[in-house]
Amino acid sequence: MHTETFDTVILGAGAAGMMCAIHAASRGRRVLVVDHAKAPGEKIRISGGGRCNFTNLGTSARNFLSGNPHFAKSALGRYTQHDFLALVERHGIAWHEKTLGQLFCDRSAVDIIAMLKNEMAAVGCELRLRTTLEDLRKTEPGFALTLGGEGAARITCRHFVVACGGKSIPKMGATGLGYQIAGQFGLAVTETRPALVPLTFGEDMLADFREIAGVAADARVSCGKVSFDEALLFTHRGLSGPAILQISSYWRETQPIRIGFLPDHDILAALIAAKRANPRQQVATAIADILPKRLAAYLAQVHRWTGAIGETSDRRLGEIASAIHAWEIMPIGSEGYRTAEVTLGGVDTDGLNSRSMAAKAVDGLYFIGEVVDVTGWLGGYNFQWAWSSGWAAGTAIAERQG
């Protein structure tokens, strides 16, 4: 097997890896990107229903979870959502804004992948797919690695960038390889767990949920002091929808979550108005004029809200309204990495330089994207972290070489 020399090798042809490659190679140095997948950017391709929620206009460090809440500020502040949007527009990719600052491609997520591939080609990056990392060792002044698969080779390089993501969506080949590399070189890894993931419940509650599977409603979902106002969805396996995915990053086993349906709606006033307009109607019927009918029937059954609304005191209606605004339930788990959009936790930021994403104790080693203990909210934030951290590492490498 022959030996090749590169300035930089990047493990992972995802969002962060490709962005890093574009900037690391900007001064004409040899950059190799390797991935075991058959195509680059597979998570980009499936994201956002195939249209890629590629960033969020409101991105700031407050939209991320990390052991160090300040760590992401440097990269996010120096390569912003507006910088990435300018790149998208430069390539003529049509986009639109959905709710809460979320930006999507008009046509297809494939447009983002093509843009990144074109940018890589323009600066001479080499991409090897269906290629695996078999061995990695520190040398002076860089690294020696052995690749297997279609791109098999012995490689020496000055810089090695870990951009292979976390454990989420294993059917797409996700593994804990990045954490293993961190451990090999003495970097700490925080606890990891599925995030942005549907929550599951005990069989007794699931039996009821199956009767209302497919029902969606606007809600404020809370866990501890954190809450999100978005839609939730009842499924055959539990609860999903944006509000649930968001709160899953904060939820831990044995913690209840609180669901407040229609958080900005004066439910008591609506029930009192219904009582005056038609006192003979059942309480459950009046609630069904406010909430989806199957959900209203379910809540009325669970809480035993029976009888004509005209015979129900305003105080009792107030209790009903409060219960609709503050329904507390206990998840037993999540659907796990199989459906999680991201991995919470990762390479401990204490061991990384926030400006360059370089390992403090290992010269030439970098960690970017999802593998790092920086996890964004739902809505394009994790892609922006990939762009920003990839840019930070790539720029630092280019400047170092220059």
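- Between W377 and Y381, the angle of the ring planes goes over 60°, which puts this pair in the perpendicular group of the 30/60° scheme.
- Here the CG-CG distance, from L187 to L352, works out to 6.0 Å after rounding to the nearest 0.5 Å.
- Listed for the S66 side chain is no donor-acceptor partner under 3.5 Å among the backbone atoms of V374.
- The residues K43 and E341 are annotated as not salt-bridged, no charged nitrogen and carboxylate oxygen being separated by less than 4.0 angstrom.
- Classified by interplanar angle (parallel below 30°, tilted 30° to 60°, perpendicular above 60°), the ring pair F261/F234 is parallel.
- Counting heavy atoms of neighbouring residues, nucleotides and ligands inside a 6.0 Å radius, atom NZ of K138 exceeds 12 of them.
- Atom-to-atom distance recorded for T8:OG1 and I397:CD1 is 4.5 Å, nearest 0.5 angstrom.
- In terms of modelled atom types and a separation under 3.5 Å, the side chain of T146 and the main chain of D135 share no donor-acceptor contact.
- Counting only distance, with no hydrogens or angles, the side chain of T80 and the backbone of D83 share a donor-acceptor pair below 3.5 Å.
- Side-chain atoms of R51 come within 3.5 Å of backbone N or O of D106 as a donor-acceptor pair.
- Using modelled atom types and a 3.5 Å distance limit, the side chains of Q246 and S248 yield no donor-acceptor pair.
- Salt bridge annotation for R400-D7: absent, with no cationic side-chain nitrogen under 4.0 angstrom from a carboxylate oxygen.
- At a threshold of 4.0 Å, the pair R294-E211 does not count as salt-bridged, since none of the basic side-chain nitrogens sits closer than that to a carboxylate oxygen.
- A side-chain contact (heavy atoms from CB on, under 4.5 Å) with T192 holds for exactly one of T343, T375, V371; it is T343.
- Taking a cutoff of 4.0 Å between a charged side-chain nitrogen and a carboxylate oxygen, E399 and R355 do not qualify as a salt bridge.
- At a threshold of 4.0 Å, the pair K117-E119 does not count as salt-bridged, since none of the basic side-chain nitrogens sits closer than that to a carboxylate oxygen.
- In this structure, Y366 has its ring center at least 6.0 angstrom away from the ring center of F160.
- The aromatic rings of F209 and Y298 lie perpendicular to each other, with more than 60° between the two planes, well past the 30° mark.
- More than 12 non-hydrogen atoms from other residues, nucleotides or ligands lie less than 6.0 angstrom from NZ of K360.
- With respect to R210 and E203, a salt bridge is recorded, a charged nitrogen being found less than 4.0 Å from a carboxylate O.
- Atom CZ of R252 is surrounded by more than 12 heavy atoms from other residues, nucleotides or ligands within 6.0 Å.
- The pair R193-E253 meets the salt-bridge criterion, since a charged nitrogen lies less than 4.0 angstrom from a carboxylate oxygen.
- Within the 6.0 Å centre-distance limit, the rings of W387 and F383 are counted as a close aromatic pair.
- Summarising the geometry, atom CG belonging to D373 is positioned 7.0 Å from atom CG belonging to L344; distances are rounded to the nearest 0.5 Å.
- Atom CZ of R316 sits in a crowded spot, with more than 12 heavy atoms from other residues, nucleotides or ligands closer than 6.0 Å.
- In this structure, CZ on F84 lies 12.0 Å from CD on Q81, to the nearest 0.5 angstrom.
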